[in-house]
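Quick note on labels: first sequence line is chain A, next is B, and so on, each numbered from 1.
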Protein chains: 2
Amino acid sequence: MNYKTLLVDDHAIVLDGLQSLLSEDQDFEVIAKVNSGNFALAHIRSTSLSLMITDYSMPDMNGLELVRQAKSMAPDLKIIVLSMHEDGQVVQDLLLAGIDGYVLKKYTHQELLQAVRVVKQGGQYWSPEINKILIRGISKAEEGPNLTDREIEVLKLLMQELTSKEIAGKLFISERTVETHRKNLLRKTNSSGTVGLVKYAYANKLV
Amino acid sequence: MNYKTLLVDDHAIVLDGLQSLLSEDQDFEVIAKVNSGNFALAHIRSTSLSLMITDYSMPDMNGLELVRQAKSMAPDLKIIVLSMHEDGQVVQDLLLAGIDGYVLKKYTHQELLQAVRVVKQGGQYWSPEINKILIRGISKAEEGPNLTDREIEVLKLLMQELTSKEIAGKLFISERTVETHRKNLLRKTNSSGTVGLVKYAYANKLV
DNA sequence: ATGTAAATCAGTATTTCTACTGACGGACCT
DNA sequence: AGGTCCGTCAGTAGAAATACTGATTTACAT
């Protein structure tokens with residue numbers, strides 16, 4: 001089987017590295033190396049490709065946009081994304097866009113080879129960290145309002161299904177004080193009750 | 001690196017097949033083939049193993065139970081589960097139990113070899129269908145099996161930070177009824193309060 | 001037809017949470 | 001020395017949630 005492969009990265013050195021890596025496997029034929037998303041799309045439009053390996057961060061277009069346009073033009077094109085992001089939102093968007101592999105840059109060599117082979121066989125490959133994110137489910141990495149240390153402490157105990165009284169006992173403070181912290185948490189998170197606090201905790205990875 | 005491997009399956013023919021498959025890779029040393037969960041646990045207890053490849057369906061113990069006990073005895077033991085189940089719940093439980101690979105029986109040969117190599121390198125491997133389940137899990141609602149439609153409805157409204165009274169108004173039912181649903185939700189999710197319900201909703205993608 | 005499960009509703013009691021007002025000492029910064 | 005934020009605590013009130021007891025109707029499957 002001959003696997004026509006397109007490499008996309010804005011650093012020439014990376015492109016060369018990828019090519020030499022792929023040369024270890026006869027099945028892969030690197031038909032082009034390009035350094036921008038638009039060049040990549042041009043190739044996809046004009047040539048029948050099997051696989052694209054692309055960086056996520058690029059000058060003219062981010063990886064997500066490239067993947068979406070590529071998939072809309074060539075739904076059968078396999079796509080492996082190289083990235084240094086372990087950010088849940090980025091990963092989630094890419095997975096939903098239909099990529100077949102996601103390899104963190106810190107691994108590359110051996111693991112990328114594994115990834116391309118898996119993908120060639122119709123499988124999908126994610127770096128270990130990505131699998132963790134998948135398994136755990138995904139939460140956004142957003143900065144929220146500034147909670148004080150004590151408030152965060154209370155919130156974390158709240159997440160363990162403790163009542164205010166139990167939290168007070170655990171922190172050796174009065175129930176009143178815990179209620180004050182809760183009150184401030186409600187205000188700072190613009191929520192109207194316990195549900196909002198838990199949702200905030202999830203959204204901010206305080207789980 | 002020498003990878004001490006234990007094979008678990010209640011069909012001798014499968015065990016033989018696995019062994020011959022692994023013989024293709026010098027790194028793996030099959031130190032035992034057993035046909036039941038309890039025999040497997042005995043080996044894990046007495047020997048220092050690196051990898052266990054196990055069937056999911058077995059006479060004395062299901063795969064999930066085996067995995068849990070194995071992991072509690074030997075947390076560093078890598079585990080690959082062979083199964084014909086593509087059922088979401090089964091998969092989810094196994095993943096949360098900490099397995100490193102899940103290969104559907106319909107693939108076995110080439111793919112299993114891929115899987116063991118990935119796992120040997122510290123990675124994780126899932127069959128394509130499993131990846132789909134994982135991805136679906138992050139985008140769509142994977143419902144817990146035991147909740148009724150109405151309970152799910154109430155839970156979803158609860159997640160929108162509505163009080164029981166507001167939910168009652170929205171569903172044109174009495175506050176009492178909403179409280180009954182909440183009570184049943186608490187029981188079914190083994191939680192002690194609102195926090196637990198929200199956490200359950202997140203864990204089951206009812207957000 | 002009989003049984004099981006779901007969905008609906010009620011009373012009573014207790015606990016927990018939220019709303020409001022107000023306060024005091026300490027740390028830190030200017 | 002004065003301002004601001006943090007963490008601490010209090011009283012009073014009411015709203016909401018949880019714990020227990022139950023019940024009726026409908027619907028669906030055995």
ask   = How far does CZ of B/Arg45 sit from CG of B/Asn38, to the nearest 0.5 angstrom?
value =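 The distance works out to 8.0 Å.
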
Determine: side-chain N/O of [X] to OP1/OP2 of [N], distance under 4.0 Å, yes or no.
| X | N | answer |
| --- | --- | --- |
| A/Lys183 | C/dA19 | no |
| A/Thr194 | C/dT18 | yes |
| A/His181 | D/dT8 | yes |
| A/Lys165 | C/dT16 | yes |
| B/Thr148 | C/dA7 | yes |
| B/Ser164 | D/dA17 | yes |

Interatomic distance where [atom1] belongs to [X] and [atom2] belongs to [N] [whole Å]:
| X | N | atom1 | atom2 | answer |
| --- | --- | --- | --- | --- |
| A/Leu171 | D/dC6 | CG | P | 17 Å |
| A/Ile152 | D/dG7 | CD1 | C1' | 14 Å |
| B/Asn184 | D/dT18 | CG | C1' | 13 Å |
| B/Ile173 | C/dA10 | CD1 | C1' | 14 Å |
| A/Leu197 | C/dC17 | CG | P | 11 Å |
| B/Arg176 | D/dT21 | CZ | C1' | 12 Å |
| A/Leu185 | C/dA19 | CG | P | 13 Å |
| A/Glu175 | C/dT15 | CD | P | 12 Å |

query = Does a donor on one side chain sit under 3.5 Å from an acceptor on the other, for B/Ser191 and A/Glu161?
reply =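 The criterion, which ignores hydrogens and geometry beyond distance, is not satisfied for A/Glu161 and B/Ser191.
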
ask   = Donor-acceptor pair under 3.5 Å: do we get one between A/Thr180's side chain and the base of D/dC9?
value =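 Under the 3.5 Å cut-off, the side chain and the base do form a donor-acceptor pair.
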
query = Which part of the nucleic acid does B/Glu179 contact within heavy-atom distance under 4.0 Å: base, sugar-phosphate only, or nothing?
reply =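 Answer is base: heavy atoms of B/Glu179 come under 4.0 Å of a base.
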
request  = For B/Thr177, report the nucleic acid contact type (base, sugar-phosphate, nothing); a contact means any heavy atom under 4.0 Å.
outcome  =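 Base contact.
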
key: Among D/dC9, D/dT18, D/dA17, the nucleotide that comes nearest once only the side chain of B/Thr163 is considered   =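 Nearest to the side chain of B/Thr163 among the choices is D/dA17.
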
task = State whether A/Arg176 and A/Glu179 are salt-bridged, where the test is any N-O pair (Lys NZ or Arg NE/NH1/NH2 against Asp/Glu carboxylate O) under 4.0 Å.
result =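 Salt bridge: yes.
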
request  = Could you say whether A/Asp149 or B/Leu162 is positioned toward the 5' end of DNA chain D, judged by the nucleotide with the nearest heavy atom to each?
outcome  =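 Final value for this comparison: A/Asp149.
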
message = For A/Tyr3 and A/Phe28, take the angle between the two ring planes, folded into 0 to 90°, and tell me which bin it lands in: parallel under 30, tilted 30 to 60, perpendicular over 60.
response =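 Ring orientation of A/Tyr3 relative to A/Phe28: perpendicular.
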
message = A side-chain contact here means heavy atoms from C-beta on lying under 4.5 Å apart; do B/Leu18 and B/Leu82 qualify?
response =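 B/Leu18 reaches B/Leu82 side chain to side chain.
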
